[in-house]
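Just so you know, these numbers come straight off a predicted model, no measurement behind them.
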Amino acid sequence: MESSPRQRTQPPQRAAASRPFISRVVPLKQDLRYDRLTGRAHLPVEVCLRDGTAVSSKLDLDPGQVELLRIQLERGIELREGALRQD
């Protein structure tokens, strides 16, 4: 018996008008929470959609992602400070 190649099926597409688009995600003015059991950090954020609505959520980060975010933020702060010194 020959086996037929697997066909990949695409998920059904929703109409473009009903698809929410995220315009930005911003951290909320709340403390990040750390879960000692899992080693994950949870950063409260607000997800802002293009239609003007916003939803509160959280960004769940594993330890490697926390370290990467720290490095990226430090670099962003350095770039900002350098730009401010040039003005």
Side-chain angles (χ1 to χ4, degrees):
M1 181 184 278
E2 291 183 21
S3 63
S4 62
R6 287 186 137 164
Q7 293 182 349
R8 292 186 180 176
T9 59
Q10 297 293 326
Q13 297 292 320
R14 297 188 316 184
S18 67
R19 225 183 271 178
F21 289 99
I22 297 172
S23 63
R24 65 187 179 282
V25 178
V26 295
L28 293 174
K29 294 180 181 179
Q30 298 175 6
D31 287 337
L32 175 138
R33 293 183 181 228
Y34 179 73
D35 184 338
R36 289 178 22 178
L37 296 176
T38 64
R40 298 182 74 83
H42 309 286
L43 178 65
V45 296
E46 182 176 62
V47 180
C48 303
L49 305 177
R50 289 186 184 173
D51 66 2
T53 60
V55 180
S56 293
S57 188
K58 64 181 174 180
L59 181 61
D60 292 323
L61 304 162
D62 66 34
Q65 292 169 322
V66 170
E67 184 65 18
L68 177 60
L69 184 58
R70 180 189 67 80
I71 292 167
Q72 291 172 332
L73 289 172
E74 284 179 354
R75 179 68 179 134
I77 291 167
E78 290 171 0
L79 290 170
R80 181 176 182 271
E81 289 172 347
L84 291 173
R85 281 193 293 269
Q86 291 178 358
D87 289 341

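- Note that CG of Leu79 is 4.0 Å distant from CZ of Arg75, once rounded to the nearest 0.5 Å.
- To the nearest 0.5 Å, atoms CG (Leu32) and CG (Leu59) are separated by 9.0 Å.
- Leu49 has its side chain within reach of Ile22: a pair of non-hydrogen atoms, C-beta onward, lies under 4.5 Å apart.
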Evaluate side chain to side chain contact (heavy atoms under 4.5 Å, CB included) for Leu61 paired with Leu69, printing each intermediate quantity in order. CA-CA 9 Å; Leu61 304 162; Leu69 184 58; 3.9 Å; yes
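- No donor-acceptor distance shorter than 3.5 angstrom exists from the side chain of Gln86 to the backbone of Ala83, with no hydrogens or angles considered.
- Rounding to the nearest 0.5 Å places CD of Gln65 at 10.5 Å from CD of Gln72.
- Taking Arg85 as the reference, Glu81 meet the side chain to side chain contact (heavy atoms under 4.5 Å, CB included) condition, with sequence neighbours excluded.
- How far NZ of Lys58 is from CG of Leu28: 13.0 Å, rounded to the nearest 0.5 Å.
- Taken together through direct or relayed side-chain contacts under 4.5 Å among Ile, Leu, Val, Met, Phe, Trp and Tyr, Leu68 and Val25 form parts of separate hydrophobic clusters.
- Under the 4.5 Å side-chain heavy-atom criterion for ILVMFWY residues, a single connected hydrophobic cluster contains both Leu73 and Leu43.
- Within the structure, salt bridge (Lys or Arg N to Asp or Glu O under 4.0 Å) contacts touching residues 23-48 (residues at least two apart or in different chains) do not occur.
- Minimum heavy-atom separation, Pro63 to Gly39: CG-O, 3.3 Å.
- Qualifying salt bridge (Lys or Arg N to Asp or Glu O under 4.0 Å) partners for Arg70, counting only residues two or more places apart in sequence or in other chains: Glu67, Glu74.
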